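Because the structure is a prediction, the values reported are computed rather than measured. We name chains A, B, ... by the order of the sequence lines, and we start the count at 1 in each one.
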2 protein chains.
Amino acid sequence: MSLMTIGKLSGATGVKVTTIRYYESIDLLDEPERSASGQRLYGDAAVERLGFIRHARDLGFPVSAIRELISLQVDPGRDCDLVDQIARRQLGEVRRRLTQLEALEAELKRMITACEGGKIASCSVLAALGHHEQCLHEEHAGKEVLAALPSK
Amino acid sequence: MSLMTIGKLSGATGVKVTTIRYYESIDLLDEPERSASGQRLYGDAAVERLGFIRHARDLGFPVSAIRELISLQVDPGRDCDLVDQIARRQLGEVRRRLTQLEALEAELKRMITACEGGKIASCSVLAALGHHEQCLHEEHAGKEVLAALPSK
DNA sequence: CTACAGTCTACAGTAACTGTAGAGGCAAGA
DNA sequence: TCTTGCCTCTACAGTTACTGTAGACTGTAG
Ligand SMILES: [Zn+2]
Ligand SMILES: [Zn+2]
Ligand SMILES: [Zn+2]
Ligand SMILES: [Zn+2]
């Protein structure tokens with residue numbers, strides 16, 4: 001089992017060097033061995049762990065959920081109820097955002113198609129943005145829609 | 001035309017007091033008049049402006065775009081090309097996220113339905129998270145999916 | 001030996017707010 | 001008039017999940 005520097009680990013997983021150090025700082029990754037001069041040295045387990053983290057982040061799991069998942073992984077004898085619950089929670093979150101984004105899409109599309117060009121004074125996009133009362137939907141989707149899951 | 005304190009403006013628009021002060025600090029809102037003792041006093045124009053900002057934020061427009069829209073509003077004689085372009089850009093953004101979220105939803109659903117309970121050691125959710133190679137999709141949606149638009 | 005790429009720590013910046021502390025203001029009731 | 005209680009003020013820290021920078025050191029290939 002060969003040890004690799006942080007750059008190799010980064011290359012192997014697609015996670016940036018600075019992000020790896022960040023994950024260590026928030027205790028998502030264990031502190032690795034160090035070379036005599038202080039450089040981090042990782043084994044294959046780190047590749048596994050980091051791949052797991054990355055996949056979960058890609059799926060929008062918040063770091064707090066990933067932390068839970070990792071702590072559950074340590075004793076394989078337990079029931080996976082909690083794991084599945086975390087995943088379902090995440091699925092619920094994704095579906096909630098989907099619903100909101102669909103509402104946003106509809107409103108934006110409506111706004112844009114209503115505008116037939118011309119001057120600012122008569123632009124229906126600006127008019128629609130200025131007068132929320134004309135919206136057919138009660139509660140706005142936006143507020144939660146475009147955040148809270150991971151970004152590029 | 002009656003002047004109102006920041007609390008009244010907040011009540012009239014549904015934007016929190018602290019958020020109003022924040023918008024002022026980033027120059028989205030003009031500095032209002034002050035009372036003798038230094039309290040902010042707003043007129044009806046502030047209600048309009050803040051309502052506009054709120055609606056745009058609800059639709060996921062970033063603050064930078066709102067700033068552009070506001071600056072375009074000042075001369076009503078101009079063509080609304082730029083306004084419409086900003087709105088279409090936002091619609092594109094929303095659609096991009098929709099696509100990504102749909103991919104996430106599919107993968108999460110697949111993961112969850114594959115798990116039939118049991119022990120951690122055999123949980124397919126954890127297995128799927130650990131082995132991205134088994135994913136059918138090349139590039140992951142997640143990274144940009146759950147952010148960049150406004151959150152609650 | 002000398003480049004030059006890689007690594008180290010520590011800290012600041014990002015987006016769009018939210019929350020807190022500590023001080024002062026204002027209107028109504030006793 | 002005093003007091004109670006809510007409102008407002010400024011300034012700054014905290015949130016999420018990173019990203020970027022500065023300045024110094026390390027490791028390696030030519
Ligand atoms: Zn228009
Ligand atoms: Zn609306
Ligand atoms: Zn399971
Ligand atoms: Zn995947």
Side-chain angles (χ1 to χ4, degrees), chain A residues 3-29 31-42 50 53-67 90 93 97 140 142-152, chain B residues 3-29 31-42 50 53-67 90 93 97 140 142-152:
Chain A
L3 294 176
M4 64 193 98
T5 63
I6 197 168
K8 307 289 178 185
L9 178 61
S10 172
T13 57
V15 178
K16 288 185 187 153
V17 167
T18 48
T19 307
I20 296 173
R21 286 197 281 250
Y22 168 70
Y23 284 158
E24 182 186 324
S25 80
I26 62 170
D27 294 315
L28 263 194
L29 286 177
E31 293 186 12
E33 289 181 54
R34 298 283 185 135
S35 72
S37 63
Q39 298 197 347
R40 290 170 178 81
L41 295 176
Y42 299 92
L50 193 48
I53 293 170
R54 180 167 120 76
H55 197 190
R57 287 293 300 125
D58 281 357
L59 286 167
F61 287 87
V63 166
S64 58
I66 298 174
R67 221 189 293 277
Q90 177 62 16
E93 187 66 13
R97 285 169 204 281
H140 250 130
K143 287 240 150 183
E144 297 213 350
V145 168
L146 292 148
L149 284 168
S151 130
K152 183 177 52 190
Chain B
L3 294 177
M4 63 193 97
T5 63
I6 197 168
K8 307 289 180 187
L9 178 61
S10 172
T13 57
V15 178
K16 287 186 187 153
V17 168
T18 48
T19 306
I20 295 173
R21 286 196 281 247
Y22 168 70
Y23 284 158
E24 182 185 326
S25 80
I26 61 170
D27 294 317
L28 263 194
L29 285 177
E31 293 185 12
E33 289 181 55
R34 298 283 185 136
S35 73
S37 63
Q39 298 197 345
R40 289 169 179 83
L41 294 176
Y42 298 93
L50 192 48
I53 294 170
R54 181 166 118 76
H55 197 191
R57 287 294 299 125
D58 281 357
L59 286 167
F61 286 88
V63 166
S64 58
I66 297 175
R67 221 189 293 276
Q90 176 63 14
E93 187 67 12
R97 285 170 204 280
H140 249 130
K143 288 240 147 182
E144 297 214 348
V145 167
L146 292 148
L149 283 168
S151 134
K152 184 173 50 192

Distance in angstrom units between Y42(A) OH and dT7(C) P, rounded: 10 Å
Spacing between D27(A) atom CG and dA17(D) atom P, to the nearest angstrom: 15 Å
Protein-nucleotide distance (L41(B), atom CG; dC7(D), atom P), rounded to Å: 16 Å
Short side-chain N/O contact from R21(A) to OP1 or OP2 of dC8(C), under 4.0 Å: yes
Which nucleotide in dG27(D), dG25(C), dT18(C) has an atom nearest any side-chain atom of S37(B): dG25(C)
Side chains of R40(A) and R34(A) in contact at under 4.5 Å (non-hydrogen atoms): yes
Exam field: side chain R67(B) to backbone I26(B), donor-acceptor pair closer than 3.5 Å: yes
Selection from dT10(D), dG27(D), dA17(D) that lies nearest to any side-chain heavy atom of S35(A): dG27(D)
Minimum-distance nucleotide to Y23(A) side chain [options: dT7(C), dC18(D), dT8(D)]: dC18(D)
Spacing of K16(A) atom NZ relative to dG20(D) atom C1', expressed in whole Å: 10 Å
Sub-4.5 Å side-chain heavy-atom contact between L50(B) and Y42(B): no
For dG30(D), the Watson-Crick or wobble counterpart (both distances under 3.5 Å): dC1(C)
Heavy-atom donor-acceptor pair, R54(A) side chain to G14(A) backbone, under 3.5 Å: no
For atom CZ of F61(B) and atom P of dA16(C), their distance in whole Å: 13 Å
Side-chain heavy-atom pair L29(A), I53(A) within 4.5 angstrom cut-off: yes
Proximal nucleotide (of dT7(C), dC18(D), dT9(C)) relative to the T19(A) side chain: dC18(D)
Rounded distance in Å - CD (E24(A)) to C1' (dA17(D)): 17 Å
From dC9(D), dG20(D), dG27(D), nucleotide with atom closest to Q39(A) side chain: dG27(D)
Residue-phosphate contact under 4.0 Å: T18(A) side-chain N/O, dG20(D) OP1/OP2: no
Nucleotide dT16(D), atom P - distance to CD of E93(A) in whole Å: 14 Å
Touch class at under 4.0 angstrom, heavy-atom based, for R40(B) against every strand present: sugar-phosphate
Protein-nucleotide distance (Y22(B), atom OH; dG19(C), atom C1'), rounded to Å: 15 Å
First encountered from the 5' end of DNA chain D, between I6(B) and V63(A): I6(B)
Closest listed nucleotide, where the reference is the side chain of R34(A) and the choices are dT9(C), dA17(D), dG25(C): dT9(C)
